[in-house]
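Encoded as C-alpha cells, the structure appears first; notes follow it.
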Amino acid sequence: MEPRLDEYEAVVRRVEGFAAAVSERRAADMACRAGCDACCQVRLEVSAVEAAAVRRALEQLPGAARDAVRERARSGDPARCVMLDEAGRCAIYGARPLVCRTQGLPLRYPAGFVPADAVGLDLGQRGQATWCPLNFTERAPAGADVLDAELVDQLLAVVNQRYCAATGEDPLARIALEALAAS
C-alpha cells in the first residue's frame with residue numbers, strides 16, 4: 001500500500017458511513033441513485049492522495065473499461081466528468097474522490113461561504129447547509145443529516161499533507177481527472 005493511503009481510506013470509510021446512515025434514515029428524501037449524474041457535470045481536480053487512489057482504481061479496471069475512460073479523456077465533453085460512461089455511471093465509483101461521495105448530502109459550511117440562493121438551512125453560528133435540489137424536496141434535513149464539509153476538507157488536507165511528506169509530492173498540487181485517465 002502506498003504511504004499514508006490507509007489514512008485517506010479511513011476518512012473515506014467515515015464519510016461513507018455517514019452517507020449510508022443518512023440514506024437509510026432519509027431514503028424517501030434522497031434521489032441519488034445509479035445513473036443520476038447531475039453533480040458530475042464538471043471537470044474535477046483532486047489532491048495527490050486522492051489521485052493515488054484514482055490511479056490504483058484505473059489500473060484495476062478491465063482493459064475495455066480502462067480504454068473507454070482513456071478515450072473519454074482524449075475526446076470527452078469538457079463539462080462532464082471523464083469517469084462517467086454513457087449511462088451516467090462512474091467507472092471508478094468505489095474509488096471516487098471525497099467531493100463525489102458527499103454530493104447530494106446536506107453539507108455544512110461556515111456562514112457566508114455558500115451563495116445566499118443556495119443556502120437551504122441556516123444553522124445559526126454553526127454555519128449554513130446546502131444540498132442537491134433533487135434531494136429533501138418534501139422535508140428539510142435535520143441536524144443529524146448534515147455533514148460538516150469544512151471538517152471533511154480539513155481531514156483531507158491533513159491526510160494529503162502527510163501523504164505528500166512521505167512521497168515528496170506537492171501538497172498544494174491539484175491533478176485533473178482527465179490527466180489521470182489519459183496516463
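Quick caveat: nothing in here was measured; it's all calculated off a predicted structure. Starting from 1, each residue takes its place in the sequence as its number.
- The side-chain hydrogen bond (donor to acceptor under 3.5 Å, both in side chains) search around Q128 returns none, not counting sequence neighbours.
- Residue L105 comes nearest to A19 through the heavy atom pair CD1-CB, 3.8 Å, listed as atom of the first residue, atom of the second, then distance.
- Note that the CG atom of L5 and the CD atom of E7 stand 10.0 Å from one another [nearest 0.5 Å].
- Of all the heavy atoms in P97 and V46, the pair that sits closest is CG-CG1, 3.6 Å.
- Residues R89 and D37 have side chains not in contact (no heavy-atom distance under 4.5 Å, counting atoms from C-beta outward).
- To the nearest 0.5 angstrom, L172 atom CG is 8.5 Å from C164 atom SG.
- The line from CG of L98 to CD of E16 is 8.5 Å long, rounded to the nearest 0.5 Å.
- Both V119 and L123 belong to a single network of hydrophobic side chains, linked directly or stepwise wherever heavy atoms of I, L, V, M, F, W or Y lie under 4.5 Å apart.
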Evaluate the criterion side chain to side chain contact (heavy atoms under 4.5 Å, CB included) for residue pair W131 and L121; output intermediate values, then yes/no. CA-CA 9 Å; W131 57 88; L121 188 62; 3.8 Å; yes

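- Taken from CD in E178 to CD in E45, the straight-line distance is 8.0 Å, to the nearest 0.5 Å.
- When atom types are taken as modelled, the side chain of R96 and the backbone of Y93 share a donor-acceptor pair closer than 3.5 angstrom.
- A single hydrophobic cluster is not seen to contain both V11 and L44; linkage of ILVMFWY side chains at heavy-atom distances under 4.5 Å, directly or through other members, places them apart.
- Contact between A91 and L61 at its shortest, heavy atoms only, is O-CD2, 3.3 Å.
- Counting side-chain heavy-atom gaps under 4.5 Å among Ile, Leu, Val, Met, Phe, Trp and Tyr, L84 is found in no cluster with other residues.
- Y109 pairs by the ring pair (Phe, Tyr, Trp, His ring centres under 6.0 Å) definition with F113, not counting sequence neighbours.
- With sequence neighbours left out, R174 forms a salt bridge (Lys or Arg N to Asp or Glu O under 4.0 Å) with no residue at all.
- The pair E59-R56 fails the salt-bridge criterion, with no side-chain N (NZ, NE, NH1 or NH2) lying under 4.0 Å from an Asp/Glu carboxylate O.
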From CA spacing to verdict: side chain to side chain contact (heavy atoms under 4.5 Å, CB included), L177, R43: CA-CA 7 Å; L177 288 186; R43 294 181 77 174; over 6 Å; no

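- By the criterion of side-chain heavy atoms lying less than 4.5 angstrom apart, applied directly or through intervening Ile, Leu, Val, Met, Phe, Trp or Tyr residues, I92 is not grouped with V49; the two fall into different hydrophobic clusters.
- We find the CD1-OG distance between I175 and S183 to be 10.5 Å, quoted to the nearest 0.5 Å.
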Review item, side-chain donor-acceptor pairs of residues 133-141, under 3.5 Å, at least two apart:
from	atom 1	to	atom 2	distance (Å)
N135	OD1	A31	N	2.5
N135	ND2	G104	O	2.9
R139	NH2	D29	OD2	3.4

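- Side-chain N or O atoms of R55 include none that pairs as donor or acceptor with a backbone N or O of L180 at under 3.5 Å.
- Taking 4.5 Å as the limit, some side-chain heavy atom of D85 sits within range of a side-chain heavy atom of R72.
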Give every donor-acceptor pair under 3.5 Å between a side-chain atom in residues 142-157 and any protein atom, sequence neighbours left out.
from	atom 1	to	atom 2	distance (Å)
D145	OD1	R25	NE	3.0
D145	OD1	R25	NH2	3.1
D145	OD2	R26	NH1	2.5
D145	OD2	A142	N	2.8
D148	OD1	R108	NH2	2.8
D148	OD1	E150	N	3.2
D148	OD1	L151	N	3.0
D148	OD2	R108	NH2	2.9
E150	OE1	R108	NH2	3.4

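- N160 and P171 make their closest contact through ND2-O, 3.0 Å (heavy atoms, listed as atom of the first residue, atom of the second, distance).
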Derivation and outcome, side chain to side chain contact (heavy atoms under 4.5 Å, CB included), residues V54 and M83: CA-CA 10 Å; V54 169; M83 299 299 167; 4.1 Å; yes

